[in-house]
Student: 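Provided herewith is a single structure, encoded as structure tokens, for subsequent inquiry.
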Amino acid sequence: MKRFFSILLLAAYVIFLAGCFRDGSAPETDTELFVIGFSQSGSESDWRLANTDSMIETFTEDKGYDLQMENAKQQQENQFAAVRSFILEGVDIIVIAPTMEEGWDTVLKEVYDAGIPVIIMDRSVNVWNDDLYLTNVGSDFLGQGNRAVEWLEGQTEGEELKILHLQGTYGTTAQLLRSQALEDGVSAHDNWELAGQICGDFTEAKGYEAMTEFLSENTDFNVLYSENDNMTFGAIRALDEAGITYGEGGQVRIITFDATSAALQLCFDGKVDLCVECNPLQGPSVEELIRQYRAGEDIPKQVYIEEALFTKDDLTQELIDGRTY
Ligand code: GZL
């Protein structure tokens, strides 16, 4: 009789164990990867490609991460779809490099209700309640623009300035705040005026198209304030075709944002007057914030990345060659 109950007990134990692995998945172990759903806004610029590389190089499997990246091709709807797929997948955290600032309330509420934390990287989102995300790590875009305006003030004491404003993708934080800084600067100087405001969508091709179209009607400006390097590269091509000189001793001073190595080289060669750095290497900062979150530490709602200004005097060929983007 005892033998019978032993067999019965053993049978019950075997059935119990089978139930633990019903779905065939292994039990949770400390070797399980931390899954990051990353919605990248696009591939529009050298800056963006470097930003993507920084995330891929930081969140590797041998460091315990499973980085699942979706590229939105600069379309916010694609980001919403990616975020919703991350919710369904039950990732451990979602990182978003947003296209536009507006429009995020609904999908971030869905993430919030699913209990998944969100880190906003690079630009910002404008939502009714910032509890919908853990933190925003990125650039101080208004500070970038204000430093560019201060530099221009210092370079052109009292000169009559006609500024052509080449803007990035409308509605992105980088465009909104870099534009605000210039518009505030123009309002504060009676001897400054905007020769025009055109949009290059942060790409070289559209920067070239927008500049070419503008130059067909107006060449009366002496400053180009271009909201990223790739648009600047396109604009320079259009200036060359129009026979307009720029940079050191040229008709047009050029201010450009991002400080990619190609732009720094133009600055060092006297073709561009000011490079305003916008640091794309944000993977390590995001990783540190994730570490703080997993450790239950307090996290600031806004974290700014260190950035600088470069003129020709600040540059050496060695510095440029040593840049990673
Ligand atoms: C800045 C980023 C901007 C870059 C552009 O953080 O949002 O978008 O300045 C990029 O190069 O397209």
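Each ligand, and each atom within it, is numbered from 1 in the order the structure gives.
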Student: Would you mind telling me which of D130, N136, V137 makes a side chain to side chain contact (heavy atoms under 4.5 Å, CB included) with Q302?
Tutor: N136
Student: Does any donor atom in the side chain of N51 or Y325 lie under 3.5 Å from an acceptor atom in the other side chain?
Tutor: no
Student: Below 3.5 Å, N or O to N or O, backbone or side chain included: is there any such pair between W47 and ligand 1?
Tutor: no
Student: Tell me, which protein residue and heavy-atom name are nearest atom 12 (O) of ligand 1, and how many Å apart are they?
Tutor: E44 OE2, 2.6 Å
Student: Are R291 and E288 ion-paired here, with the side-chain N under 4.0 Å from a carboxylate O?
Tutor: yes
Student: Quick check: R123 and ligand 1, any N/O pair under 3.5 Å apart?
Tutor: yes
Student: Looking only at heavy atoms of Q175, does any of them come nearer than 4.0 Å to an atom of ligand 1?
Tutor: no
Student: Could you tell me if E70 and S85 have a donor-acceptor pair between their side chains, going purely by distance under 3.5 Å?
Tutor: no
Student: Between Q144 and ligand 1, find which residue part has any heavy-atom pair under 4.0 Å and reply side chain, backbone, both or neither.
Tutor: neither
Student: Tell me yes or no: between the side chains of S124 and E101, is some donor less than 3.5 Å from an acceptor?
Tutor: no
Student: For N228, is at least one N or O under 3.5 Å away from an N or O on ligand 1?
Tutor: yes
Student: Around atom 6 (O) of ligand 1, find the nearest protein heavy atom and jot down its residue, atom name and distance.
Tutor: D122 OD1, 2.2 Å
Student: If Ile, Leu, Val, Met, Phe, Trp and Tyr residues are connected whenever their side-chain heavy atoms lie under 4.5 Å apart, and connections chain through other members, are L309 and I163 in the same group?
Tutor: yes
Student: Check whether the ring centres of Y133 and Y112 lie less than 6.0 Å apart, and answer yes or no.
Tutor: no
Student: Number the atoms of ligand 1 from 1 as they appear, then name those within less than 4.0 Å of a heavy atom of C278, with their elements.
Tutor: 1 (C), 6 (O)
Student: Just let me know how F257 lines up against ligand 1, side chain, backbone, both or neither, with a heavy-atom cut-off below 4.0 Å.
Tutor: neither
Student: Among all the protein's non-hydrogen atoms, which is closest to atom 11 (O) of ligand 1, and how far away is it?
Tutor: D258 OD2, 2.6 Å
